[in-house]
K.L.:
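Encoded as structure tokens, here's the structure I'll be asking about.
This structure is a prediction, so every number in the text was calculated from the model and none was measured. One-based numbering, in listed order, for ligands and for the atoms of each.
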Amino acid sequence: MSDRKKVSLPMLFDKMTKGTPLTMITCYDYPMAYLVEQAGIDIVLVGDSLGMTMLGFDSTLPVTMDDMIRHAAAVRRGAPNPWLIGDMPYMSYQASDESAVLNAGRFMAQASCDGIKLEGGQEVCSRVRAIVAAGIPVMGHLGLTPQSVSSLGGFRLQGKSGKQAKKIVDDAQALEDAGCMAILLELVPEQVCALITERTKVPIISLGSGPRAHGQLLIFHDMFGLYPRFTPKMAKQFADAGKAIADGLKQYVEEVTTKVFPEPERYFGMKDEEYAELRRLVEQG
Ligand code: KIV
């Protein structure tokens, strides 16, 4: 158990005001959440990226609300103190304000989240207003928004031209006006991130959008060498857990094959007289 204080929204705003960078990470299951809790991370996102990192899909689109709730609840059990955000999966909010509120509410009631995140700018402001009116904090998400990867033309930098970047700046303002408590900027030029950070009154979190935000986010599996398909340029690998596990597995196969494992201290026997009794009973039939 950790002796951390539960992170609250005023604590996040206090850090932002004092210029202390906010730390944010994705997390998807109980054992990793336990480690994240010990590290003292401020904000944990149970991202729909779990469709790729945990479930092996090619995109986030097949992820369902039930998938998200199962993982978010497990993360909360491992990490009781960070500010926990449930990521609204594809088609959980696009259809109507009403479905958006009901699905956002599931994250709060069934997974003990502190808020939700959804993707998009001016086109989702009515959803943001409806969810906020239901008393649920909302984080916005602009730039590379993976649920729209098809219309964005792939996983690539967004807002490269002045005109495209102006749309992102306007979207950030619209999300703030609609009541978002924070905005995530994924893969936009660092100048665009800095400009938005200067202009908004809510925390701006950067994922691959440079240092001039109020906080940083990384995807857990990219940080620890646990996603076999690729590691994006924006991700720094802080340790190679994937290699450590792969080495351990090779050694396990070797030790079982050569009968080194299990060693005598890892299994149990019974008293000789009990074994003799067992043999007698077996022979009797
Ligand atoms: O699903 C997720 O992890 C996300 C991040 C890519 C920001 O939305």
K.L.:
If you have a sec, work out which protein heavy atom is nearest atom 6 (C) of ligand 1 and how many Å separate them, to one decimal?
P.N.:
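I find the closest protein heavy atom is Glu186 OE1, 3.4 Å.
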
K.L.:
How many angstroms lie between CG in Asn81 and CD in Glu37, if you round to the nearest 0.5 Å?
P.N.:
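That separation rounds to 4.5 Å.
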
K.L.:
Check ligand 1 against Gly47 and write out every atom of the ligand that is under 4.0 Å from a heavy-atom position of the residue.
P.N.:
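Heavy-atom distances to Gly47 below 4.0 Å select 1 (O), 2 (C), 3 (O).
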
K.L.:
At less than 4.0 angstrom from any non-hydrogen atom of Leu217, what atoms of ligand 1 do you find?
P.N.:
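The atoms of ligand 1 under 4.0 Å from a heavy atom of Leu217 are 7 (C).
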
K.L.:
Check each of Ile219, Asp222, Thr145 against atom 5 (C) of ligand 1 and report the one with the nearest heavy atom.
P.N.:
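Looking at heavy atoms only, the winner is Ile219.
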
K.L.:
Residues in salt bridge (charged side-chain N to carboxylate O under 4.0 Å, His left out) with Glu198, at least two apart?
P.N.:
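Partners of Glu198 under the salt bridge (charged side-chain N to carboxylate O under 4.0 Å, His left out) test: none.
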
K.L.:
For atom 3 (O) of ligand 1, what's the nearest protein heavy atom and its distance?
P.N.:
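So the nearest neighbour among protein heavy atoms is Ser49 OG, 2.5 Å.
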
K.L.:
We want to know whether Asp14 and Thr17 form a side-chain donor-acceptor pair, criterion being a heavy-atom distance below 3.5 angstrom.
P.N.:
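No donor-acceptor contact under 3.5 Å links the two side chains.
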
K.L.:
So, taking the atom named OG1 in Thr23 and the one named CD1 in Ile205, what distance separates them when rounded to the nearest 0.5 Å?
P.N.:
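Separation between the atoms: 8.5 Å.
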
K.L.:
Using a 4.0 Å cut-off to any heavy atom of His141, which atoms of ligand 1 qualify?
P.N.:
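In order of number, 7 (C), 8 (O).
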
K.L.:
Taking the six-membered ring for Trp, are Phe230 and Tyr227 parallel (under 30°), tilted (30 to 60°) or perpendicular (over 60°)?
P.N.:
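The arrangement is perpendicular - the two ring planes meet at more than 60°.
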
K.L.:
Is the cationic atom of Lys250 (NZ for Lys, CZ for Arg) positioned less than 6.0 Å from the six-membered ring centroid of Tyr252 and within 45 degrees of its normal?
P.N.:
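Cation-pi check for Lys250 and Tyr252: fails.
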
K.L.:
Would Asp58 and Arg229 pass as an ion pair if we require N to O under 4.0 Å?
P.N.:
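Arg229 and Asp58: salt-bridged.
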
K.L.:
Pull out every atom of ligand 1 sitting under 4.0 Å from any heavy atom of Asp87, numbered as shown with elements.
P.N.:
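Those atoms are 1 (O), 2 (C), 4 (C), 8 (O).
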
K.L.:
Specify the protein heavy atom at minimum distance from atom 7 (C) of ligand 1: its residue, its atom name, and the distance to 0.1 Å.
P.N.:
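Here the nearest protein heavy atom works out to Leu184 CD2, 3.2 Å.
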
K.L.:
Under a 4.0 angstrom heavy-atom cut-off, which atoms of ligand 1 come close to Leu207?
P.N.:
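The list of qualifying atoms is 6 (C), 7 (C).
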
K.L.:
Near Thr26, which atoms of ligand 1 are under 4.0 Å from a heavy atom of that residue?
P.N.:
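Listed by number with element: 3 (O).
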
K.L.:
How many angstroms lie between CG in Leu22 and CH2 in Trp83, if you round to the nearest 0.5 Å?
P.N.:
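Interatomic distance, Leu22 CG to Trp83 CH2, rounded to 0.5 Å: 11.5 Å.
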
K.L.:
What protein heavy atom sits nearest atom 8 (O) of ligand 1, and how far off is it?
P.N.:
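Scanning the protein heavy atoms, the shortest distance from atom 8 (O) of ligand 1 goes to Lys117 NZ, 3.0 Å.
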
